[in-house]
Each structure stands twice: as C-alpha cells, then as structure tokens.
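By convention in this document, chain letters (A, B, ...) are assigned in the order of the sequence lines, proteins followed by strands, and residues within each chain are numbered from 1. Note: hydrogens, waters and symmetry copies are ignored here, and every other heavy atom, side chains too, is used.
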Amino acid sequence: MPMEKTFNAAEAEARLYDAWEKSGAFKAGANAREGAETFCIMIPPPNVTGSLHMGHAFNNTLQDILTRWHRMRGFDTLWQPGQDHAGIATQMVVERELALSNRRRTDMSREEFTALVWDQKKKSGGTIIDQLKRLGASCDWSRNAFTMSGAPNAPAGEEGNFHDAVIKVFVEMYNKGLIYRGKRLVNWDPHFETAISDLEVEQVEVQGQMWHFKYPLAGGETYEYVERDADGNVTLRETRDYISIATTRPETMLGDGAVAVHPADERYAPIVGKLCEIPVGPKEHRRLIPIITDEYPDPTFGSGAVKITGAHDFNDYGVAKRNDIPCYRLMDTKAAMRDDGAPYAEAAAIAMAVAKGERQLSEAETDALNLVPDDLRGLDRYEARKRVVEQITAEGLAVMVEVPGQARDAKDTPAPASKPASAPASKPGPAPAPEPGPRLIPFVEQNKMMQPHGDRSKVVIEPMLTDQWFVDTAKIVEPALKAVRDGMAAQEAGSFDEKAGYTRILPERDAKTYFHWLENIEPWCISRQLWWGHQIPVWYGIRLEENLHSEDNPTGQVLKPFCRSTEEEALECAIAYYGQRTDVTLCKDGEPLFFDVHEDGYPKTVKLYRDPDVLDTWFSSGLWPIGTLGWPEETEELKKYFPTDVLVTGFDIIFFWVARMMMMQLAVVDKVPFHTVYVHALVRDEKGKKMSKSLGNVLDPLDLIEEYGADAVRFTLTAMAAMGRDLRLSKDRIAGYRNFGTKIWNATRFAEMNGALRRDGVATEKLQKPDATHTVNRWIIGETARARIAVDEALTAYRFNDAANTLYAFVWGKVCDWYVEFSKPLMDGDHAEETRATMAWVLDQCYILLHPIMPFITEELWALTGERAKMLVHADWPAYGTELIDEAADREMNWVISLIDEIRSARAQMHVPAGLKLPIVQTSLDEKGSKAWANNAPMIERLARLDGMTEGKAPKGAITIAVEGGSFAIPLEGVVDIAEEKSRLSRTLEKLEKDLNGLRGRLGNPKFVESAPEDIVEETREKLELGEDEATKLKAALKRLDEIG
RNA sequence: GGGCGGUUAGCUCAGCGGUAGAGCACUACGUUGACAUCGUAGUGGCCACUGGUUCGAUCCCAGUACCGCCCACCA
C-alpha cells in the first residue's frame, strides 16, 4: 500500500500516543538495560487548574527530549509528572465561580469550600495532562502526583502521602527551630485577605503624589529653622512652630509613632527630643509624638523629616523597632480603616500617655488600640486619604504653593542645597481652573514611584502587622549556597561529576542570580490566610502563667502552640503540658473558645484550636522531588531515582522554586535534589513581547499543534532554544519545520517506491550497517555517524538548538539534497542492492536520531517501513562513531558535490535552459579527479544535466569549470554570450583574488608563520595553493575568451 | 539605586580567537523515478561605536551609546 503524500498529524498523533501509553512505553524503567544507570526528571508541576501555554510547551518539550533520549539509550528513566494545588490561584478560580451565583466562600464552612475546590480539581485537573499528551510528553502518568494528595478532606482517588510529607517536614523544622511564629510586618493582600511572601509582590511604576504637611510643635514652641547651600551660606532663616514632613500616604498619619530626622541634619537639631502633634483627627484629641533621630531619613529628600508609621511601612517598621516606637495598626484585612475597639478619644488618650512615657503597652494591647478617628472608621484607605488631606488643608497645615506660573513656596518646601536641580522635576499637583491672580493650593509633588502589587490580585499591597509563620531561611541557606558554589566550580574546572552531591545551574549567569538572592535572603513568610492548602499542624492552648515571659516566649505570647502531625498527638502533648488539673479537649469548628480557670488561676479547661492558616504553596512544591517519590517512606523509587538528575525550568521560578527546593531537600534529607538545573528563557511573540492575555498576543500551543502538528511545534521550540536567550516564536518558523517533517516523509516515500525498504524478513532493529563498497554509500554512512556524534554532544551539553540544527542540516542538506539524488542512478546496476540497504539503514538512523525531538512522525515512519519488534520509542540509540567515517569517500564526494555545484552555478549564470543537457569536455584532470569522475559519472551527469564527457581541448565558445585538480569546459557555441562568460569569470576571479591576497598577506607576515599554530599555517598554505591553482585556470580561460573575442 | 543580558544579512537568530552562517523573506529559472509543505541558482553583512591585548578580534579586555530583563525600602 503506497504511502500518503504527507503525514497526517491530526490523525496519527492521538493514535500513536495511545499506542505508546498502552504498551507502557513511558513507565519508569521501561526499555532500561540490565543494570542501567537511572535518569530522572521531575516536571515543574503546573497549576492544577492551569492550561498549557507556550512556556509549558517549551519547558516540557525540552524535558521530553532528554527523557526520550535517555530512555532510548537504555537508562532506567523516569519522568515524574504531577500538578500543584496552587493555593491562591486555585482558590481564586473557585471563588470567581462562586461569585457568579452571588456566593462567597465565607457563606459556607471551610470543609464545604474545600470540597468545592476538590470538585474543581476533578473537573479541570485533567486538562493540562491531556494537553501535555498532545505535545507528546512521555511522562509516567501512572505515577502522576499532586501536592495535596492525601490531605485530610481529600476525596476518594486523591490518596497519596504528599500531605503527610509536608506536615512531617513542618513539624520537624519547627522542632529544629527552623520555623517560628511571630508578629511581623508582612505583605498583605487586601483582596485575598492573606499575607503573601516578598516574591509574590510585583513592583509597578505608578505616578505617585507626595504631600507636605506641617506637624505643629507641642505647646506652640518655636525654633530657628536655618537652611544652607553647599558652601554653607545661609539661604533661609525663619522661625517655625512646626516640622514639615513629606508623605505619599497621608492616611497612615493616624498611626504615626514618631517623626524621625537624620542625626546629622542641623536644621532639626534644635527640636530633636521634643514632641509634635499629628495634625489630623478631632482637635481636642490630637496625639503628640516624639521627634527622634535615626540614620534612615535622607536629609536631601523631601523635607528631611519622616513620619514613622511602623505598622504600615517596611522602612518605618525598622525605625520603630530600633527606637522602640509603638506600631499602631490602622487597617483591617480588607485594608479599610479599622472600625473596632474603643472610641477614638479613649484610644488617643492611651496613645498619648504612651508617647509621654507615662504608660507601657504590651504587643497585644498595642494591636488592640484603634487610633482611627471615629469619622474615618470603616472607610477604604483611599477614601480616608482624601479626607485626611482635606482636613489638613482646611486647617491650613498643608504646605501650599502658588499657582499658576509661580515657583513653589520655597520657604515651606526646602530644597536642600545639595540637590538644587530637584525643584524643576517636581510639578505642582492637579492644576486648578485658571483664575485671575496667583492663588495657593496644597503642594503635591508628582513623582514616579514603585508601588507594590499582589502578583495574583493586582491590588496594592498593604504592609500589615500580623502574626505569621516564617521559615528561618538564614539557618538553612548555607548548604544550598555551598552546593551550587561547588557545582559551578566543578563545571568551570571541567570536572563536573553528576554523582558528587553538588548542583550546577546552566547557563552560568543564572547561577549568579541564584547566589545573589540567597546571599541576601529574608525570612520566608509561609502562612497564608486561605482555606485551600495544607493547614498548619499547630494547635493552640493557653500559655501557663509561669511561662509567660520565659526564654522560649520572649514576646510574652499568651498562646501556647503545640506542633504535631496529628490532632491526637497535639492533644497528648497538651495534656502532658497542663497536667492532671486541666481538662484538655479539642475545640470543634465554630465552637467558642473558652478557658475556665481554677481558683488559683490555673487552667481548668483548655480547648485546643488549630491554626486556621495554610502553608504557602511553594512550601509544598519545595518538597516536590522527595514528595513525589514517596518520602518519608523509603520507597524503591526514592532509593533509585533520588537525587534526581536534571531540573528543566524557566528563570522566573529560580527563587520561588529552585532555591527553595535546594534549601528544603538539603534541610530535610541532606541531599541536593538534582545535579543540574537547566534554565531556559521565555517564549515571546514575534515582536519580542512577553505573551500575555491582556496584550492578546498569546499563541496557544494547542492551536499550533492543531495547525502544524506537535512535531513541528516541538522542533521549532528546540531549534530556537539557544541557551539563555529569549525566543521569538513565529508561525512562519513553525511552518518551515512542518515542511521539514514532510521532507523526510517524502524521502521515505522515495525509498519505498524504489524498493529500498525491503528488509527481506530481517527484523529491522537487527539491521546492520551495510558493508557498502560504493563511495556514495560509504560517504553517507560516515555523514550519519557525524550526525549521531554531534547530536549526542549537543544534548549532553544541553545545546538543544545545536541538536536540532545538526539534524536539520543532515537530513535535509545531506540525505535529501544529495544522497537521495545520488542514489537514483544507482537503483539499477551493480550497486543496487547495497544502495537500497544503505538507504534503509540511513533512514532508520534519521528516525532514531530525530525521535526525541519529533516523536510522532518518526514513530509513524518507523512502523510504515518495516516489521519492527519494538516501537521506535524503545529503539536502541546508536553508539557508532568515527570508525564509520571513510575519509577517502568523504573527499571524493565533496569533490563531486563541488563540481556539480560549479556546473550548476555556471549554467544558471549563463542562462542555460534548465532542461538542456550539455556535453562536457575534460581539459585537465589529476588522478584523484579522474577516479572520482569514473566512480560517480552517472550521478554527476544526472545532477549537472550533462550529456557525456570527452577529453580534449576546450572548444570555442565554451564555459570553463575549474575545480580542485582539474578543469572542464562546456561548449556552448551559439548559446553562450562571450561577454557574459567573461564577466562571470572575472567576477569569480576577483572574489578569489581578494581571498588569496588575504592569505598571501598572512603568510608573508613572518610573525604569523612564527606564532600561529602549525596546523593553521599549514591550512593557510594549502588554501593558498588550491586557490592559486584555480586562479590560474580562470585566467587561462579568460585569455582564451579574449583570443576568441 | 544595584545586578545581569543584548546590539551579526530586510526579519528572527546561531557562531564567540584563523577573516561570517541558518531559517524566513526577496530575485531569476524550473528539470531528473520522493517532495510545489518542492527543486536549482542568486541578491544581501566596515558582526553598534571607540580604544586596548594579539601575528591575527565579530569573538578576549576597557570604555561609550542605545535596547531589554531582574532585584531594591527613598518617606
């Protein structure tokens, strides 16, 4: 049955994938040789609700190439797939769904909600798996993992021990003091109402507004305010009864604990230590705060004086901690102004007492204090800001500026002498409607500033003072740094050893990124106020009085945490802690917390309640390598495949994931999770823009697979995967590689039509390399060996593009362009059988070598072209090398090829009709050339459209063909235009002479001959000699033409 | 502000000490026992700029100019 004209990808891909899966081709260890080394890749788990985007397609194509390549080479191979539960992202999807029916998560219980999330997982979790299958990913799906498997409320079918592993790690790290709980300023996402880590915050440039306000000094006190320029000359001197501060967040003034100035700032020296008044809120209850010094304020920025709001700004928090300034929380979880606690008057009075040093508050008391004036309570932070600005302005305490046309009021907004140029950069705020005469408006500096946003919610992050769990990263970072330092050193030294227990990051530059981040690592906030995730295994009771200020409780926390893997253990632990006099029970969901006490104050009943927070998704994905292999159980797979081999990932998750996996695996099992991290670049659109839904420039890999076939998409991504460079994907390129598939398909058709695929009943994988005698066959066998060597070298070095380009050049440029053409005249005659056998072998090698990149079409061709005992997916990867290269055959064929090239070129330039067969006259030819001609005459005549060769002198009106070792003439009397031939030869000669001059120059330079390596000098000499020979011939030909003309 | 990249043919990119390559696009011509998703031939480059090292630099070093990315607390 003759083959179709093209490969029908749409029809074949599903069928082939199905066949692979059914035969267990992707199972761990499939096709492994006896006693084989292992090779294991962990998939970067996509979000369970996700769908395949171009980045996934790229990432997984590379992994699949490595996996298939190793599997064919007989490694005991595992590509471990799975999905991530993706806390926020997944919860977001389900909440959005709920919103459609006007419901919210808080309308139901936690259990009901997480059940809905599990439903969602069931519904959409398979999508990405199916899509990866469309790509051809050869994962061992029977081992598909999920970061929430085995969670307490997981439905049937979601068993597994990932949850247990996560909990175990948390408990162990807690016991080792690597995890702690504390009230810290964290990034708070007001939309999802949860803390997030630094990495989940995106800095976005926005147009910022900075107001300047006057904080009156307490008791109407005044001081001499003096400003000087760089030379110390006084530029301003006046008496002030206030200190001017600049702020971008007026609403946080309510929580100010101090005003800070730089200790060296002489302008404010007279008032340091005095109190000033926050100019908001009811006048009779204005709070006073101290003016302090700290290194943080920059005297050249703003007014040089900074209001310190420890609970809502990271810098201020640092200042507050250093100077023992109270941090007053102003907002609730939605970042609206607090509406709880005692009325403002009461709270303000307490805060005032604190400021005056008359009173001290515990952390809890400070947190309970609501310093939001009654009229602002419950307002959104931006509404509150507006009100605050209005109030201050109305009261005349905003620094004003004259408009229009007037410079800003210099006396109130001092521009320090060192930065005189800063003034023009600042413009007055919103321009008022033009009115006659100058008029005063509040001075608002318009500056570009970076504002933190949640990477998921896109809302502005609010720094919030809350109780959170942290990993003490400083304690576990060192091994992760050392492992990569050692790995990179070995890589550099060329002595990299996969078994040495260190890790390298490729390309090298990404190692720098890794180092930089880890060397400056901050504590990692791992608690999230979400419902979807691993709930923190900590139960709280009340702390026993005598321990309130003990060493293990420096902040005087009232709660006593019991961190254990299970409720039962926590309960046991608590019982031991309280002793006989206390009745300890578990607090059931929704039950009120109630602590009853004995007469002497000792707890009588304690209800343990579980920490409601869940763990950061990346805490669990940080355990992906051991978790998917069954840890903490000593499973066979864990023993066999861990540490794994390569991690293939995008640079965007080096911090999120790679660094954390390194730290966590080293902390938990004291081994690096993989020896190599291959970091690939981003897939962009053809204009170089990052693909994003909002830009609408997303190329959907599924669409592309539909249109061009998975192989074409894969080959394109591979060919463009130059290390470390972003790649721009265009459809033209994909179409080009789809054509490449068609090309090899048709080469196979040719072979089939010529009976070159008859294997005479020999199982093809047993098909040996034929003992060819004909130069053409010996040559292509050598070329095949070269290709195999180059592909292996490229893949070993993770140079995927080199592998793809090598194959492209070999299959198209060598096999199709030349070998197939050469073979045509050989299909009858003495060498017919040998040529057929060689072609069959060469094509098999093409399928094998291409299979990791283009699995579908090659598998199909494999099946179509022989009785195969094994599918191609399990075919043996060849090991032949340079022993197959026949240098003599190589030289001969290269001579033949260049002769044909020359003739074709001359014909085309002389406008000889393509179909016209011409005789050729050999005017001179050395022995090698004669032999080469004799061996390959039918091929040369066919490909160069010649009609027999004679020896003799160049006839009149002939074109001259000069090749190494000889020259030919093609008589074109009447056809050829003498002038044109002259100009053609001249052009060729000119080019040649230019090259020769360069070569002569070099050889004429004694220093070159002295210093350059011998082989280079020798090569240069040879080139010159050959070139000069050719030039001589060209000159002779030109002279002849001159004689004729 | 700190760090890391990039600048090579019209476009997208390889190459990274021995005098420049691919794909696409473009031009001309189409023929042989697979292939028009094709064939053959061709056009097209002071390898960003300026210095330095070297016998020799697109490649190494230093600086300049643009472009891009990452990190960062200027109120």
Next item on the list: Would you mind reporting whether A/W818 and A/V776 have side-chain heavy atoms less than 4.5 Å apart?
Entry: no
Next item on the list: Rounded to the nearest angstrom, tell me the gap between atom CG in A/N447 and atom P in B/rC73.
Entry: 18 Å
Item checked: Gap between atoms CD and C1', on A/Q203 and B/rC74 respectively (whole Å) -> 12 Å
Next item on the list: Describe the nucleic acid contact of A/N1005 in one word from base, sugar-phosphate, nothing, applying a heavy-atom distance below 4.0 Å.
Entry: sugar-phosphate
Next item on the list: Can you tell me the distance, in whole Å, between the CD atom of A/E205 and the P atom of B/rG1?
Entry: 13 Å
Checklist line | side-chain N/O A/S905 vs B/rG42 OP1/OP2, d < 4.0 Å | finding: yes
Note to self: Does the structure show a Watson-Crick or G-U wobble partner for B/rA62, both distances under 3.5 Å? Name it, or say none.
What the structure shows: B/rU50
Check: So what does A/K1023 hit on the nucleic acid, given a heavy-atom distance under 4.0 Å: a base, only sugar-phosphate, or nothing?
Finding: sugar-phosphate
Margin query: Does the structure show a Watson-Crick or G-U wobble partner for B/rU31, both distances under 3.5 Å? Name it, or say none.
Written below: none
Margin query: From the set B/rG5, B/rU31, B/rC73, return the single nucleotide nearest to any side-chain atom of A/K512.
Written below: B/rG5
Check: Start at the 5' end of RNA chain B and walk down; is the nucleotide closest to A/G998 or to A/L199 reached first?
Finding: A/G998
Margin query: Can you tell me the base-pairing partner of B/rG68? Count Watson-Crick or G-U wobble geometry only, both distances below 3.5 Å, and say none if there is no partner.
Written below: B/rC4
Note to self: Which nucleotide, if any, forms a Watson-Crick or G-U wobble pair with B/rG10, using both distances under 3.5 Å?
What the structure shows: B/rC24
Checklist line | Exceeds 12 heavy-atom contacts within 6.0 angstrom, atom CD of A/Q451 | finding: yes
Next item on the list: For B/rC66 versus B/rG21, give the span between their C1' atoms, rounded off to a whole number of Å.
Entry: 26 Å
Item checked: Separation of the C1' atoms in B/rG18 and B/rC67, to the nearest angstrom -> 32 Å
Next item on the list: Go along nucleotides 32-38 of chain B 5' to 3' and tag each nucleotide: B for a protein heavy atom under 4.0 Å from its base, S when only backbone or sugar atoms are that close, - otherwise.
Entry: BBBBSBS
Next item on the list: Look at all strands and tell whether A/G304 reaches a base, only sugar-phosphate, or nothing, counting heavy atoms closer than 4.0 Å.
Entry: base
Item checked: Interatomic distance at P, B/rA62 relative to B/rC70, whole Å -> 26 Å
Next item on the list: Look at atom CD of A/E519 and say whether more than 12 heavy atoms of other residues, nucleotides or ligands are closer to it than 6.0 Å.
Entry: yes
Checklist line | N-O pairing of A/E295 and A/R322 below 4.0 Å | finding: no
Next item on the list: Could you tell me whether the side chains of A/T748 and A/Y847 share a donor-acceptor contact shorter than 3.5 Å?
Entry: yes
Margin query: Looking at A/R1000 and A/E993, is any side-chain nitrogen of the basic one under 4.0 Å from a carboxylate oxygen of the acidic one?
Written below: yes
Item checked: Pairwise C1' distance for B/rG17 and B/rU58, with rounding to whole Å -> 10 Å
Notebook entry, point to check: Counting just side-chain N and O atoms, does A/K917 come under 4.0 Å of either OP1 or OP2 of B/rU31?
Noted result: no
Next item on the list: Verify whether one side chain among A/E902 and A/S905 offers a donor that lies under 3.5 Å from an acceptor in the other.
Entry: no
Next item on the list: Check whether more than 12 heavy atoms from other residues, nucleotides or ligands sit under 6.0 Å from atom CD of A/E11, and answer yes or no.
Entry: yes
Check: Contact class for A/D901 vs. all strands (heavy atom < 4.0 Å): base, sugar-phosphate, or nothing?
Finding: sugar-phosphate
Checklist line | Atom-pair distance (CG on A/L916; P on B/rG30), nearest Å | finding: 13 Å
Margin query: Does the Lys NZ or Arg CZ of A/K824 fall within the cation-pi geometry relative to A/F750 - under 6.0 Å from the ring centre and within 45° of the axis?
Written below: yes
Check: Rounded to the Å, how far apart are A/R322 CZ and B/rC73 C1'?
Finding: 11 Å
Check: Once you round it to whole Å, what is the distance between P of B/rG5 and NE2 of A/H516?
Finding: 13 Å
Next item on the list: Identify the nucleotide, in any strand shown, that forms a Watson-Crick or G-U wobble pair with B/rG56, with both distances under 3.5 Å; if there is none, say none.
Entry: none
Notebook entry, point to check: Per the side-chain hydrogen bond (donor to acceptor under 3.5 Å, both in side chains) rule, which among A/E462, A/R249, A/E251 passes with A/H312?
Noted result: A/E462
Margin query: Over all strands shown, is A/Y296 touching base, sugar-phosphate only, or nothing at heavy-atom distances under 4.0 angstrom?
Written below: base
Margin query: Quick check: any donor-acceptor pair below 3.5 Å linking the side-chain of A/R1002 to the base of B/rU19?
Written below: yes
Next item on the list: Measure from CZ on A/R733 to P on B/rA25 and round the result to the nearest Å.
Entry: 12 Å
Note to self: Roughly how many Å apart are B/rA72 and B/rG2, using the P atom of each and rounding to a whole number?
What the structure shows: 16 Å
Item checked: Between B/rG10 and B/rC49 - C1' atom distance, rounded Å -> 22 Å
Note to self: Please name the nucleotide paired to B/rC73 by Watson-Crick or G-U wobble geometry with both distances under 3.5 Å, or report none.
What the structure shows: none
Note to self: Does B/rA14 have its OP1 or OP2 closer than 4.0 Å to a side-chain nitrogen or oxygen of A/R799?
What the structure shows: no
Margin query: Using the P atom as the point on both nucleotides, what is the distance between B/rG23 and B/rG30, in whole Å?
Written below: 24 Å
Next item on the list: Provide the distance between the two C1' atoms, one in B/rG51 and one in B/rU43, to the nearest whole Å.
Entry: 35 Å
Next item on the list: Name the nucleic acid region contacted by A/P1006, choosing base, sugar-phosphate or nothing; use a 4.0 angstrom heavy-atom cut-off, strictly under.
Entry: nothing
Next item on the list: Report the residue (A/K307 or A/M450) whose heavy-atom-nearest nucleotide on RNA chain B is the more 5′ of the two.
Entry: A/M450
Checklist line | Between B/rC69 (P) and A/H680 (NE2): distance, integer Å | finding: 18 Å
